[in-house]
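Worth saying up front: this structure is predicted, and the values here are computed from it rather than measured.
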Amino acid sequence: MIIYLIRHGETDWNKAFRFQGQSDIPLNASGIALAKKTAEALRTVPFEMAFSSPLCRALETARIIIGDRQIPLSTDDRLKEISFGVWEGTVVPPQMKEGDSNPLYDFWKRPKQYVPGQNGESFHSLYQRSASFLKEKILPLEGVCETVLLAGHGALNRSILNTIAQIPLEDFWHFSLKNCAVSQISLKNGHFRILEPGRTYD
């Protein structure tokens, strides 16, 4: 079985380096256009089933990719982005330097030391729920489906890829996953393997 793991298209918060977490921010015009380009590139992929985060930016991306395919699309809360709690909406420019007072500095630069804020979620929790989803929803599909679509988020998708590739938490950002980045994962005899990480079609 081949799993196509896709990150959602661009939102205005992505463009502003504003951390979204589980805030339900829609795709912007560029995000919709990129999702359509990605859908065109994947037009011959015979998806049989699709799963998505219920957050609208991921769900809309999934619907654009699916197009006119008559396949089931299910949402699952375990595919939501990591929650930043009270820090959602914080602007975190990628050029931050050590010593900056931004509360999300550790998340971006030193993930192993990251401690979530009020109502935020830990990396441990993120990894637990993505693993639970794969175990309960994807593993049973081996031998039933040949091609499945998963639509998620930057940190959520990395938690899946990093687990498969055995990437340690301190190297959480190992994979480059731009908006609408598509990663191909194989599932054979109960084992996942990354075939291609983070391909974009822009």
Side-chain angles (χ1 to χ4, degrees), residues 1-10 14 17 19-22 38 51-53 55 57-58 61-62 76-85 87-88 90 92-98 100 102-117 120-139 141-142 147-202:
M1 185 169 79
I2 305 298
I3 300 149
Y4 285 73
L5 177 66
I6 184 169
R7 185 186 175 197
H8 62 80
E10 185 187 71
N14 286 140
F17 300 107
F19 272 38
Q20 296 170 108
Q22 296 183 5
T38 306
F51 297 89
S52 175
S53 159
L55 298 175
R57 59 191 184 271
T61 301
D76 194 300
D77 283 348
R78 290 172 291 186
L79 294 178
K80 285 183 176 181
E81 182 59 296
I82 190 170
S83 172
F84 297 111
W87 292 339
E88 293 198 358
T90 299
V92 185
Q95 66 272 21
M96 281 190 303
K97 298 179 181 179
E98 189 168 1
D100 285 356
N102 195 299
L104 284 165
Y105 176 86
D106 284 343
F107 179 83
W108 193 247
K109 297 293 185 179
R110 299 182 299 194
K112 194 172 182 180
Q113 299 180 47
Y114 175 65
V115 177
E121 182 178 16
S122 67
F123 279 112
H124 177 69
S125 172
L126 174 69
Y127 275 85
Q128 275 194 321
R129 61 180 168 88
S130 64
S132 170
F133 171 81
L134 292 178
K135 180 179 179 180
E136 293 181 15
K137 295 293 187 179
I138 301 302
L139 282 174
L141 294 179
E142 186 179 4
T147 315
V148 174
L149 174 68
L150 299 185
H153 305 267
L156 181 281
N157 291 11
R158 284 181 176 88
S159 75
I160 293 173
L161 295 171
N162 290 349
T163 297
I164 295 170
Q166 299 184 350
I167 302 295
L169 180 56
E170 56 263 34
D171 199 17
F172 183 78
W173 304 102
H174 172 82
F175 291 107
S176 175
L177 299 181
K178 298 178 181 178
N179 290 114
C180 279
V182 179
S183 300
Q184 290 186 42
I185 301 167
S186 69
L187 172 59
K188 185 176 182 180
N189 299 324
H191 295 286
F192 295 100
R193 182 167 67 92
I194 298 171
L195 302 178
E196 182 178 31
R199 183 176 182 181
T200 54
Y201 299 91
D202 53 354

Visitor: I would like to know whether M1 and I138 meet side chain to side chain contact (heavy atoms under 4.5 Å, CB included); could you show each step before the answer?
Guide: CA-CA 10 Å; M1 185 169 79; I138 301 302; 3.6 Å; yes

Visitor: Please step through side chain to side chain contact (heavy atoms under 4.5 Å, CB included) for the pair V92 and F17, ending with a clear verdict.
Guide: CA-CA 6 Å; V92 185; F17 300 107; 5.7 Å; no

Visitor: Please give me the minimum heavy-atom distance between S53 and A58, naming the atom from each residue.
Guide: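 Minimum heavy-atom separation between S53 and A58: CB-CB, 3.8 Å.
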
Visitor: Hey, is R78 close enough to E136 for a salt bridge, meaning N to O under 4.0 Å?
Guide: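 Here R78 pairs with E136 in a salt bridge, since their nearest N and O are under 4.0 Å apart.
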
Visitor: Do the non-hydrogen side-chain atoms of R7 and N14 ever get within less than 4.5 Å of each other?
Guide: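 Yes, close enough: below the 4.5 Å cut-off.
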
Visitor: Starting at CD1 of I2, measure out to NZ of K188 and round the result to the nearest 0.5 Å.
Guide: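 Going from CD1 on I2 over to NZ on K188, the span is 10.0 Å.
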
Visitor: For the atom pair NZ (K80) and CD (Q20), what is the distance rounded to the nearest 0.5 Å?
Guide: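 If we round to the nearest 0.5 Å, K80:NZ and Q20:CD are 14.0 Å apart.
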
Visitor: For residues T61 and C180, report the shortest heavy-atom separation together with the two atoms involved.
Guide: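 Minimum heavy-atom separation between T61 and C180: CG2-SG, 4.3 Å.
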
Visitor: Check whether any side-chain N or O of E142 sits under 3.5 Å from a backbone N or O of N189 as a donor-acceptor pair, and report yes or no.
Guide: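 At least one qualifying donor-acceptor pair exists.
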
Visitor: Within the distance-only criterion (no hydrogens, no angle test), does the side chain of N179 pair as donor or acceptor with the backbone N or O of H8 below 3.5 angstrom?
Guide: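 Side chain of N179 to backbone of H8, a donor-acceptor pair under 3.5 Å: yes, one is there.
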
Visitor: Counting only pairs under 3.5 Å, give me each side-chain donor-acceptor contact of residues 155-164, with atom names and distances, residues two or more places apart or in other chains.
Guide:
from : atom 1 : to   : atom 2 : distance (Å)
N157 : OD1    : H153 : N      : 3.2
N157 : ND2    : I6   : O      : 3.2
R158 : NE     : F175 : O      : 3.0
R158 : NH1    : G154 : O      : 3.2
R158 : NH2    : F175 : O      : 3.1
S159 : OG     : S130 : OG     : 3.0
S159 : OG     : L156 : O      : 2.6
N162 : ND2    : Y127 : OH     : 3.4
N162 : ND2    : R158 : O      : 3.3
N162 : ND2    : F172 : O      : 3.0
T163 : OG1    : S159 : O      : 2.7

Visitor: Rounded to the nearest 0.5 Å, what separates atom NE2 in H124 from atom OH in Y114?
Guide: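 One finds 15.0 Å between NE2 of H124 and OH of Y114.
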
Visitor: Who are the ring-ring contact (aromatic ring centres under 6.0 Å, His included) partners of F133, not counting sequence neighbours?
Guide: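 If we apply the ring-ring contact (aromatic ring centres under 6.0 Å, His included) test to F133, skipping adjacent residues, the hits are F51.
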
Visitor: Identify, with sequence neighbours excluded, every residue that meets ring-ring contact (aromatic ring centres under 6.0 Å, His included) alongside F192.
Guide: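 Partners of F192 by the ring-ring contact (aromatic ring centres under 6.0 Å, His included) criterion come out as none, since no residue qualifies.
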
Visitor: NZ/K109 to CG/L104 distance, rounded to the nearest 0.5 angstrom?
Guide: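 It comes to 13.0 Å.
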
Visitor: Hey, what's the ring geometry for W108 with W173, parallel, tilted or perpendicular (30° and 60° as the breaks)?
Guide: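 Taking W173 first and then W108, their aromatic rings sit tilted (interplane angle of 30° to 60°).
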
Visitor: In Å, rounded to the nearest 0.5 Å, how long is the span from CD1 of I185 to CZ of R193?
Guide: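 Nearest 0.5 Å value for the CD1-CZ distance: 11.5 Å.
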
Visitor: Atom CD1 in I82, atom CZ in F19: separation rounded to 0.5 Å?
Guide: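 So the CD1 of I82 and the CZ of F19 are separated by 10.0 Å.
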
Visitor: Tell me the closest heavy-atom pair linking L187 and G190, and the distance in Å.
Guide: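 Where L187 meets G190 most closely, the heavy atoms are CD1-C, 3.7 Å.
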
Visitor: If I compare all heavy atoms of A62 with all of A151, which pair ends up nearest, and what's the gap?
Guide: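 Distance-wise, the nearest heavy atoms are CB-CB, 3.7 Å.
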
Visitor: If you take all heavy atoms of I194 and A165, which pair is closest and at what distance?
Guide: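 What the structure gives for the nearest pair is CD1-CB, 3.9 Å.
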
Visitor: Checking D106 against V115 for the side chain to side chain contact (heavy atoms under 4.5 Å, CB included) test, could you report, in this order, the C-alpha distance in whole Å, the side-chain angles of both residues, the deciding distance, and whether it holds?
Guide: CA-CA 8 Å; D106 284 343; V115 177; over 6 Å; no

Visitor: Which heavy atom of G198 sits nearest a heavy atom of L177, and at what distance?
Guide: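 That closest heavy-atom pairing would be CA-CD2, 3.7 Å.
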
Visitor: Begin with the C-alpha distance, continue with both residues' side-chain angles, and end with the deciding distance and a verdict on side chain to side chain contact (heavy atoms under 4.5 Å, CB included) for F107 and W87.
Guide: CA-CA 11 Å; F107 179 83; W87 292 339; over 6 Å; no

